A.B. asks: 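This is the structure I want to talk about, given as structure tokens.
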Amino acid sequence: MTIEAVSPAMTMREAAVALLAHGNVPGPHVDAEQVARIDRMIARHRLTLDEKLTAAKRQYSAEHYARTTALLPAELISELRAEARRLADLNTRRIDITVPVTGDTPRRLGSLPNSLFQEQSKLFTALYNSVEFRSVLSTVVGTPVLDASFEDEKITGTHQSRAGDTHGWHWGDHEFAFIFIAEAPSIEHGGMLQAVPHTVWDKKNPAVHENLAGGTIRTYHHEAGESYVFKTDTTLHRTVPIQTEGVERIIVNLTLASLKDWLEEKSYETTNAVYTD
């Protein structure tokens, strides 16, 4: 999808509809039959979701985070876990860096780039392009979710398996991220999500410690197979460092945009540092 899909003559609503429709046209690397199959699975599952969707919407409104595990069918969750495991095993890229625009916070982990998913994924690329999946997420967050405006950020992953591995404090370049957790350590081994909503990312002065001191840190533990969506552009977040050698945390991140993301000028220092060579 390109910004040319939007005409200056469009209203904001027309632009959002155009971007949403254009963003749900799978690229050449996407298996259209898998997209259709996942659409059918989620559509059937959604018939049972009224109360769970309401609960997720309520949680997202309060916390800019919502647990979404119950919103996907169990069969699909099992398939996604297996593909994430396979991709993590294929991946050879590992980083141990700090990122200046987030206050030199650390990134120590296996880094699964978008190119790996384009070349090797059938399920996550299909899920990203599923109209039914986008509809569920849009209901939770209260606005249409669109393709990420930066191709390299659309689908990425991390694999933490060594003591000290962490995805240090940072914000996201786009408004939304759907995180699927394929493997997760038990809570005593670390790896939990910590999040401080309602914070502002100034890339010239990220003031991470000031944001931590001035906000409320929420800590979320997830089991393997769980998932969540959250507002990454105004939520300072990290994973607690892995405490035990050999335990694993494998996640896949589907980055999604709001209309605002497409209308703003953006730079992508963190994605370039973590997921591209």
Side-chain angles (χ1 to χ4, degrees), residues 49 52-72 77 80 84 99 102 105 107 109 124 127-128 133-150 153-158 160 166-182 184 187 190-201 206 208 211-212 214-240 249-261 264 266 268 270-271 274-275:
L49 291 184
K52 293 170 183 174
L53 267 175
T54 299
K57 289 167 62 178
R58 186 179 299 115
Q59 185 180 26
Y60 187 86
S61 178
E63 303 172 30
H64 284 179
Y65 160 99
R67 202 172 294 251
T68 54
T69 311
L71 306 184
L72 294 180
I77 290 172
L80 292 171
V99 180
T102 59
T105 51
R107 311 293 190 274
L109 40 76
F124 285 104
L127 182 65
Y128 193 94
F133 175 67
R134 298 263 184 126
S135 176
V136 168
L137 291 188
S138 296
T139 299
V140 173
V141 303
T143 191
V145 295
L146 314 173
D147 277 11
S149 57
F150 185 38
E153 199 164 352
K154 286 182 177 179
I155 311 177
T156 56
T158 63
Q160 300 171 26
T166 183
H167 200 154
W169 291 109
H170 64 289
W171 292 265
D173 291 311
H174 293 82
E175 187 162 348
F176 309 114
F178 170 83
I179 307 296
F180 181 83
I181 302 166
I187 194 167
M192 300 87 74
L193 169 70
Q194 292 190 306
V196 186
H198 311 293
T199 50
V200 176
W201 185 13
V208 168
N211 276 293
L212 293 174
T216 299
I217 301 175
R218 297 179 180 272
T219 302
Y220 303 94
H221 173 64
H222 303 92
E223 303 285 350
E226 291 203 277
S227 61
Y228 58 92
V229 63
F230 73 126
K231 190 177 189 301
T232 69
D233 61 338
T234 58
T235 300
L236 178 61
H237 58 283
R238 73 160 185 168
T239 58
V240 174
R249 184 179 191 268
I250 300 172
I251 69 98
V252 177
N253 178 353
L254 276 58
T255 296
L256 295 154
S258 65
L259 180 60
K260 174 176 67 70
D261 288 323
E264 290 179 344
K266 289 184 176 292
Y268 303 100
T270 54
T271 298
V274 176
Y275 297 111

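Quantities reported herein were computed from a predicted structural model and do not represent experimental measurements.
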A.B. asks: Please identify each residue that fulfils salt bridge (charged side-chain N to carboxylate O under 4.0 Å, His left out) with Glu153, with sequence neighbours left out.
C.D. replies: none
A.B. asks: Quick one: does NZ or CZ of Arg67 land under 6.0 Å from the six-membered ring centre of Tyr60, within 45 degrees of the ring axis?
C.D. replies: no
A.B. asks: My understanding is that only residues two or more places apart in sequence, or in another chain, count here; which of them pass ring-ring contact (aromatic ring centres under 6.0 Å, His included) with His198?
C.D. replies: His64
A.B. asks: Checking Trp169 now: which residues fulfil ring-ring contact (aromatic ring centres under 6.0 Å, His included) with it, not counting sequence neighbours?
C.D. replies: none
A.B. asks: Report yes or no: does Asp261 contribute a side-chain atom to a donor-acceptor pair with the main-chain N or O of Asp147 at less than 3.5 Å?
C.D. replies: no
A.B. asks: Do you know which two heavy atoms are closest between Asp173 and Thr271, and how far apart they sit?
C.D. replies: OD2-OG1, 3.8 Å
A.B. asks: How far does CZ of Arg238 sit from CD1 of Ile217, to the nearest 0.5 angstrom?
C.D. replies: 7.5 Å
A.B. asks: Distance only, no hydrogens: is a donor on one side chain within 3.5 Å (strictly under) of an acceptor on the other, for Glu226 and Tyr220?
C.D. replies: no
A.B. asks: Do side-chain atoms of Thr255 reach the backbone of Ala148 as a donor and acceptor pair under 3.5 angstrom?
C.D. replies: no
A.B. asks: Using the test ring-ring contact (aromatic ring centres under 6.0 Å, His included), find all partners of Tyr228 that sit at least two apart in sequence or belong to another chain.
C.D. replies: Tyr65, His222, Phe230
A.B. asks: Can you tell which of Val141, Val229, Leu146, Leu137 makes a side-chain contact (heavy atoms from CB on, under 4.5 Å) with Leu256?
C.D. replies: Leu137
A.B. asks: What residues form a salt bridge (charged side-chain N to carboxylate O under 4.0 Å, His left out) with Arg107, not counting sequence neighbours?
C.D. replies: none
A.B. asks: If you look at every heavy atom in Asn253 and Ala177, which pair is closest and at what distance?
C.D. replies: OD1-CB, 3.5 Å
A.B. asks: Among residues at least two apart in sequence or on other chains, which ones pass ring-ring contact (aromatic ring centres under 6.0 Å, His included) with Tyr268?
C.D. replies: Phe150, His174
A.B. asks: Would you say the side chain of Phe180 lies within less than 4.5 Å of the side chain of Leu254, judging by non-hydrogen atoms?
C.D. replies: no
